Structure formats: structure tokens, C-alpha cells
Amino acid sequence: MKKMIALVDCNNFYASCERLFQPRLQNRPIVVLSNNDGCVIARSDEAKELGIEMGAPSFLIESLLQQHNVSVFSSNYTLYGDLSDRVMTTLSQFADQLEVYSIDEAFLNLTAFRHHHLTDYAHTIRNTVMQHIGIPVSIGIAPSKTLAKIANRLVKKRNKQLGVYCIDSMEKMQFALQNTPVKDIWGIGSQYTKLLTRNGFITAWDVARAPEEWIRKNLSVVGQRMYNELKGTACIAFEDMPPKKKMVCVARGFGKVLSEKHEVMEALANFTAMVAVKLRSEQLAATTIQIFVQTNAHRNNDPQYYRSLTISLPEATNSTNELIRHARQGLETIYRPGYNYHKTGCTAMELVSAEKVQYNIFDTENRARNSQLMKVVDLVNRSFGKDAVRFALQGFSTRWKLRQLNLSPCYTTRIDEVLTIKI
DNA sequence: TCTGGGGTCCTAGGACCC
DNA sequence: TCTGGGGTCCTAGGACCC
């Protein structure tokens, strides 16, 4: 039997999350900004209609925002993550197989359901999510993930009120492909769009009729998979279980450029500490770390510098002080004076299970003690707010910190920020 | 003086996703 | 003043080995 896969996608997810707690923003333009309040990463429909582009730098559209009284939010991932969990929990009741694809999207395997009932079923899913959580979703259904993505996009472009599009016949498939420009195919980014356009491809329908060898040669095996999916053959596996993480990275631009080594070090120490917390929360340990420093490529008059360094650790670890120590040594190697630094980051790689490390670690008393220490640090920081306990190199400066001028409360995850209603 | 080729591992870079 | 951050996968090319 042909597979049938649904892609459920939350509409304007971050904007919808913010609106959920401020009903007066219903039908009002909303934008959510990236870290550092740098650029637009989510827009409500009303904001889209004003011509605000995805990724637009906020300082360039300031007057437009003011002029139309747009509500502006700094991104609040704690809030979005929590609401995402709730949406996913609700969705999981509707299929045996659920793949959480991103914070606002999930694939559901609906193969087992009667095909002619799928559209009705999708409406039930949609209404339930709306009723339970209040987030609007769109649902595309098709025999492959790539086609489900295409169906989902068509819902948003042409059928937003309906909320569901199901590709269950050759006619609908042809219609969907002919109405999808190549740049909107899942797996085709800006570079492949250029390549395809140069070669005369306009829509997904054109791509689906190309010779397979040409696709393989020019778009590699990934493109070949996409090609077969467009023709209705599911080639991308359904990932029931979340795959193991291969890396954990924290990297950020600074609130302002920094030119002192100790300031960059302070930022790097804090990001490295965040990596360590992530590792511990997932019971992982890093065998190598990679650090980098970088200037701001947008400052044309500044001399530019980028350098990264991969450091092999003597033993896999997830302890904050150990990771910071290696990061500091690394920075000594790659730091050059005389530049305006804008960004730094730390990536943990070659991750292994933390328990396995501890097993062969008991030979050195320090490590065992260290891991006890980390448990206490995590506990204290969870209870008294993150960063209650810090390591010396993390410092107290705020110069590297993000700008977040319009941060909304963590309505659902911090008891002191819970919404109060006056009656 | 003539001067191979196949396999494997690693890394950097490029493509993509949300 | 101000242009995101966190991921994955694939390929090409160099080093090395036999």
C-alpha cells in the first residue's frame, strides 16, 4: 500500500505563541526578532501583508514598524519550546508514528488510515490542536515527505482557511508540482535554485520530469532522493526515534564589538559553560571541542579575521571547568590583538554517553569529584536561576550579552511570570 | 632511467534545513 | 549603534599505506 504522510506545521509559530497570551494582538501585525534583536525571524499574516520580509534587519525597518504600530518581540525560546512540546503531545495521539521534525513541524504516518477519510481526519487534528493549545496549524498530506511539504505550502498559499491539502491522486499531484516554483522545493536552497533556473527549470513539475542521471550528477544523492520523492516514492526514512546528537554548539554575536582578549574570553567561557550544561542534561560527554572567533563581516571598514581551532580532549568530559580550561588555552592560540571581535562560540563534538566515560574514569579521583560538583552546580542553578553559580572566567561583565529589548515573560515555565487575569 | 593504483581516513568546505 | 543560531549530510582532495 502507498504510504501516506502528513506534515503538520504551526502557522507563524513564534508570532502565534506571543499572540496566545495577548489576545488583543488578534488580527494585529506582530514580528519576532532573532537573538540580539538583529533581524525578523517570524511574522504574523498582518506583518507579511505590510511587506516585512523574513530576515529583514530590524534597524532597517524601524520606521515601518513604528508607522504601522507593529508589536515587536525578542525571541523567547523557553516559551516556544514549551508550547511546542504541548503541540507535539497532542499530535502524538493521532498516529502511531510521529516524527518531531522541528520546533514547529511534525510528520505523522497516516498510512494505516483509510485514504478517503484522510482529509476529514486532518481537520479533526487541526481543530483539536486549536482547542487544546490555541495554535493554528496547516496540514499537508501526500505519499512522501517532500510532497507533504509541498502540499503544506499550498495550504498556506492558497487554502489557508481550509487548512488541509491532501495529494491523493495523480491530478492533484500534477497540480501541486506545477504550482510549486523550484525555490520552494524542500531540499532546494539558493545555490541549487540558481543552478536549476540556469538550466531552464521553473517548477517542481519540470524537475520531476528531468533525467535522473542529470539530477544525480548535479544535485548529488540528496537531490536524487528529493527527485524520487517528488514523483511519489517515499525515499526519506520516517524517523520515529530522535537520532542521537552528533554535536552541541553555542555561538553568539555580542551586543557590541569587543577588542579586549579578556572580554572575548569571558563570552567564550559563558558559551562553553552553556555547552557543558547541555551536554550534562543529555548525559553526553565531548571528546573534542571546536572554538572560533570572528569579526563582523558587515563592518566593511574593519579588518576581518576568522579562525577556528579543534581541540582533542585527553578524556571525554562534560564538566564546565575542564571545558572552559581547554577553551581558554585554545583562545590563546587563535586570538589576535587589533581586531573588533563580534562573535565567538564553542562546539562539542564526537559525543559519547557520559555514563560510559564515568565507568573508566574512577581511576582518577578528581574526575569523580568533579562530576559530583557539576551535579550540585546544576541543581543550584536550576533552583536559583541560571548562573547563580559561575566559574571565575565567566566573569560578571555584560558587554558581550545579547540585546533583548522586547522579551515576553515565560508564561508557561516560570511560576513568577505566569499570567494573571483580572476579573 | 623508468615511476602505479586502489583503498581508507581525515578535513575543509559547501550544500541544505528550521 | 544595530544584519540569528543550531544543526545534518555529502563531496573533493590530501595524506598515507600497501
Side-chain angles (χ1 to χ4, degrees), chain A residues 7 9-10 12-14 31-42 52-63 65 72-77 80-81 84 99-107 145-146 149 152-153 182-196 216-226 236-237 239 242-258 271 274-275 278 282 288 290 292 294-302 306-310 312 340 342-351 399 402-406:
Chain A
L7 174 67
D9 188 321
C10 300
N12 314 328
F13 183 53
Y14 298 167
V31 300
V32 179
L33 301 179
S34 64
N35 270 328
N36 247 342
D37 290 347
C39 59
V40 174
I41 56 169
I52 298 170
E53 295 292 324
M54 189 68 171
S58 53
F59 75 98
L60 286 181
I61 56 169
E62 223 158 79
S63 63
L65 295 175
V72 178
F73 293 91
S74 304
S75 34
N76 182 345
Y77 290 104
Y80 312 149
S84 171
E99 176 184 338
V100 177
Y101 177 67
S102 75
I103 194 164
D104 69 335
E105 281 171 77
F107 290 107
K145 284 184 173 179
T146 307
K149 276 271 191 186
N152 194 293
R153 174 183 166 278
V182 289
K183 74 167 173 48
D184 290 326
I185 304 171
W186 190 43
I188 302 297
S190 60
Q191 295 310 302
Y192 286 162
T193 297
K194 277 187 212 154
L195 176 83
L196 288 169
R216 172 68 184 88
K217 183 160 166 282
N218 291 278
L219 276 65
S220 92
V221 298
V222 182
Q224 189 179 21
R225 218 151 36 214
M226 173 274 298
I236 300 175
E239 312 265 0
K244 284 213 178 92
K245 273 222 172 105
K246 298 184 173 157
M247 55 194 268
V248 167
C249 166
V250 174
R252 251 156 249 166
F254 312 135
K256 13 179 113 90
V257 292
L258 305 177
F271 300 159
M274 289 156 81
V275 167
K278 278 197 201 180
E282 307 200 25
T288 62
Q290 186 173 62
F292 75 90
Q294 151 181 356
T295 51
N296 187 345
H298 293 286
R299 288 168 65 120
N300 295 328
N301 297 326
D302 277 10
Y306 168 87
R307 190 144 167 224
S308 74
L309 179 69
T310 307
S312 306
N340 290 320
H342 166 249
K343 191 172 181 179
T344 185
C346 174
T347 306
M349 298 182 305
E350 295 181 76
L351 308 182
R399 294 202 65 213
L402 302 172
R403 264 186 320 279
Q404 292 187 315
L405 297 178
N406 304 292

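Chain naming here is simple, since letters A, B, ... match the order of the sequence lines and numbering starts at 1 in each. Computed from a prediction, not measured in an experiment: that's the story for all the values here.
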With sugar-phosphate meaning primed atoms plus P, OP1 and OP2, does [X] contact a base, only sugar-phosphate, or nothing at under 4.0 Å between heavy atoms?
X: A:Ile185; answer: sugar-phosphate
X: A:Lys256; answer: nothing
X: A:Arg216; answer: sugar-phosphate
X: A:Glu62; answer: nothing
X: A:Ser190; answer: sugar-phosphate
X: A:Ile188; answer: sugar-phosphate
X: A:Asp104; answer: sugar-phosphate
X: A:Lys278; answer: sugar-phosphate

Choose from [options] the nucleotide whose nearest atom is closest to any side-chain atom of [X].
X: A:Arg252; options: C:dG5, C:dG7, B:dC16; value: C:dG5
X: A:Ser34; options: C:dG4, C:dG5, C:dC10; value: C:dG4
X: A:Trp186; options: C:dT11, B:dC18, C:dT3; value: B:dC18
X: A:His298; options: B:dA15, C:dT3, C:dG7; value: C:dT3
X: A:Lys149; options: C:dT3, B:dC16, B:dC18; value: B:dC18
X: A:Cys39; options: C:dT3, C:dC10, C:dG6; value: C:dT3
X: A:Cys249; options: C:dC10, C:dT8, C:dG6; value: C:dG6
X: A:Asn296; options: C:dT3, C:dG6, C:dG4; value: C:dT3

Between [N] atom [atom2] and [X] atom [atom1], what is the distance in whole Å?
X: A:Tyr77; N: B:dC18; atom1: OH; atom2: P; result: 15 Å
X: A:Ile41; N: C:dG6; atom1: CD1; atom2: P; result: 12 Å
X: A:Tyr192; N: C:dC10; atom1: OH; atom2: P; result: 11 Å
X: A:Leu60; N: C:dC2; atom1: CG; atom2: C1'; result: 9 Å
X: A:Phe254; N: C:dT1; atom1: CZ; atom2: C1'; result: 16 Å
X: A:Lys246; N: B:dC17; atom1: NZ; atom2: P; result: 18 Å
X: A:Leu219; N: B:dA15; atom1: CG; atom2: P; result: 11 Å
X: A:Gln224; N: C:dC10; atom1: CD; atom2: C1'; result: 13 Å

Review point. Hey, is the side chain of A:Arg299 poking within less than 4.0 Å of OP1 or OP2 on C:dT1, counting only N and O atoms?
Key: no
For the pair [X] (side chain) and [Y] (backbone), establish whether a donor and an acceptor sit closer than 3.5 Å, ignoring hydrogens and angles.
X: A:Asp302; Y: A:Asn340; value: no
X: A:Asp104; Y: A:Phe13; value: no
X: A:Thr347; Y: A:Val248; value: no
X: A:Ser74; Y: A:Asn406; value: yes

Revision key, fill the gap. Of all heavy-atom pairs linking A:Arg252 and A:Lys343, the shortest is O-CG, 3.2 Å
Review point. Shortest non-hydrogen contact from A:Asp37 to A:Ser58?
Key: O-OG, 2.7 Å
**Study point:** Under-4.0 Å salt bridge between A:Lys145 and A:Glu239
**Key:** no
Point to revise | Euclidean distance for C1', B:dG4 against C:dC16 (whole angstrom) | key: 15 Å
**Study point:** Residue whose nearest DNA chain C nucleotide is more 5′ - A:Lys245 or A:Tyr14
**Key:** A:Tyr14
Exercise for review: Hey, which sits more toward the 5' end of DNA chain C by its nearest nucleotide, A:Arg225 or A:Gly38?
Suggested key: A:Gly38
Point to revise | Residue matched to C:dC18 through Watson-Crick or wobble contacts both under 3.5 angstrom | key: B:dG5
